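Here the structure comes first, spelled out in structure tokens, and everything after it is commentary.
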Amino acid sequence: MAPRKIIIDTDPGQDDALAILLALASPELDVLGITCIAGNVPLPLTIRNAQLVCELAGRPDMKIFAGCERPMVRDLVTAEIVHGETGLDGPAWDEPTMGVQEMHAVDWLVTELMSAEDGEITLCPVGPITNVAMAMVREPRIIPKIGEIVTMGGGFFVGGNTTPVAEFNVYVDPHAADVMYRSGIPIVTMPLDVTHEALMSPEWIESMRAIGGDIGEKTAAMLSFYGRYDIARYGTRGGPLHDPATIAYLLQPELYGGKDVFVEVETHSELTMGMTVVDYWDRFEKEPNCRWISEVDSDGFFELIRERLANLAAAL
């Protein structure tokens, strides 16, 4: 079977970095390009971080595109308190040397999708949805080209991590998320409901260090730094690892369970801005627009990441 063609839209972020590494370590996936968005840190840093991760994976040939510097409507909110001032705090990084494409990410998304067959490409947005929504608004004809969107964002049963009801990616650009959920494209959402079911243990992080080489050392350093915020906040032994859930779902969907539901995004009330309103019990009687994931085999998830990154490290 031919590899599945995907585009990763991202705002790295340590958990974004793990999503990129997992995708690049998996021959089942053909990563056509990486589009960067402002989110966890401002755009110049998310571009730099995508370069660093691709170089770490031995893929300086990967196409990286700079996207939108701010959300569609609202001012940018960032998350240095979680990810550190660079967005990839933890390891010692050299400055990247690989290039970035000249074309804007939104223009490239439109061009790449318009040249594809219907349903040929899967989008994996693991940051604010701005680039993807802007591409849909600019050229609606790309919508049938997208076979599926597998995204990390939102929360329902566990509430939010940025406000009491809003998860970060959706809160940063709720208007863009609203465009996505109204698009009619098949969507699989990996919300906080499922990512908080898979917490990194100190032992697992050490098993990543044991992979060896730059990948093992830098991955462990990234995750140790990244986990400290949620450990302090929630009082758990480890923090969740959000964004790699999207790639793990593409590789082993049997690890996950969920329900087809109707989702819409709050874009008006400041009190609940960015809330993903999930009609879990079909009170609105509307056609589902999303597969909402809430169950995970956490052991299988963490073993998949460790195995794939160990293989990648051995191949370098």
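Quick caveat: nothing in here was measured; it's all calculated off a predicted structure.
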- Item | Set of side chain to side chain donor-acceptor pair (under 3.5 Å) partners for T163, sequence neighbours left out |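 Residues passing side chain to side chain donor-acceptor pair (under 3.5 Å) with T163: none at all.
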
- In chain order, what residues pass the side chain to side chain donor-acceptor pair (under 3.5 Å) check against D15, with sequence neighbours excluded?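 Expected list: Y226.
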
- Item | Heavy-atom neighbours of K63 NZ exceed 12 at 6.0 Å |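 No, the 6.0 Å shell around NZ holds no more than 12 heavy atoms from other groups.
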
- For E102, does the CD atom sit with more than 12 other heavy atoms under 6.0 Å from it, leaving out its own atoms?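 Atom CD in E102 is not packed in, count stays at 12 or less.
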
- Kindly determine whether E303 and R308 satisfy salt bridge (charged side-chain N to carboxylate O under 4.0 Å, His left out), including the steps that lead there. CA-CA 8 Å; E303 177 55 26; R308 294 302 174 95; over 6 Å; no

- Under a 4.5 Å cut-off applied to non-hydrogen side-chain atoms, are N131 and L109 in contact?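 In contact.
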
- Answer whether the closest heavy-atom distance between the side chains of P191 and F156 falls below 4.5 Å.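 Not in contact.
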
- Message: If hydrophobic clusters are built by linking Ile, Leu, Val, Met, Phe, Trp and Tyr wherever their side-chain heavy atoms come under 4.5 Å apart, do M136 and M114 end up in the same one?
- Response: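 Yes; M114 is reachable from M136 via cluster members.
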
- Message: I'd like to know if I305 and V31 are part of one continuous hydrophobic network [Ile/Leu/Val/Met/Phe/Trp/Tyr, side-chain heavy atoms within less than 4.5 Å].
- Response: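 Same hydrophobic cluster.
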
- Find the distance between CG (L309) and CD1 (I215) and round it off to the nearest 0.5 Å.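 Rounded to the nearest 0.5 Å, the CG-CD1 separation comes to 6.0 Å.
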
List in chain and number order the residues that pass ring-ring contact (aromatic ring centres under 6.0 Å, His included) with [X], two or more places apart in sequence or in another chain; answer none if no residue qualifies.
X: Y280; answer: F157
X: F284; answer: none
X: Y181; answer: none
X: W204; answer: F302

- Item | Geometric cation-pi criterion, R306 with F301: 6.0 Å, 45° |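 So R306 doesn't make the cation-pi contact.
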
- Stepwise, does the salt bridge (charged side-chain N to carboxylate O under 4.0 Å, His left out) test hold for D260 with R291? CA-CA 4 Å; D260 294 331; R291 181 74 172 169; 3.4 Å; yes

Please confirm whether the backbone N or O of [Y] pairs with a side-chain atom of [X], one donor and one acceptor, at under 3.5 Å?
X: E266; Y: S269; value: yes
X: D173; Y: N169; value: no
X: E139; Y: I142; value: no

- Mind checking side chain to side chain contact (heavy atoms under 4.5 Å, CB included) for E117 and listing every partner two or more places apart, or none if nothing turns up?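 Listed in chain order: E120.
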
- Message: Taking the ring centre of each residue, are Y234 and H196 less than 6.0 Å apart?
- Response: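 Yes, close enough.
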
I'd like to check the salt bridge (charged side-chain N to carboxylate O under 4.0 Å, His left out) partners of [X]; sequence neighbours left out, ordered by chain and number.
X: E95; result: R48
X: R70; result: none
X: D297; result: none

- Could you pull out the closest heavy-atom pair between I37 and T46, with the gap in Å?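 Minimum heavy-atom contact is O-OG1, 3.2 Å.
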
- All pairs passing side chain to side chain donor-acceptor pair (under 3.5 Å) where residues 144-155 contributes a residue, at least two apart: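 The answer is R4-E148.
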
Check: residues 247-258 side-chain donor-acceptor pairs under 3.5 Å, at least two apart:
none

- Given the rule in the side-chain contact (heavy atoms from CB on, under 4.5 Å) test, do L192 and M152 qualify, once you have shown the distances and angles that lead to the verdict? CA-CA 8 Å; L192 299 179; M152 190 278 135; 4.0 Å; yes

- Query: Taking it one step at a time, do L123 and I121 satisfy side-chain contact (heavy atoms from CB on, under 4.5 Å)?
  - Reply: CA-CA 7 Å; L123 298 187; I121 294 177; 4.2 Å; yes

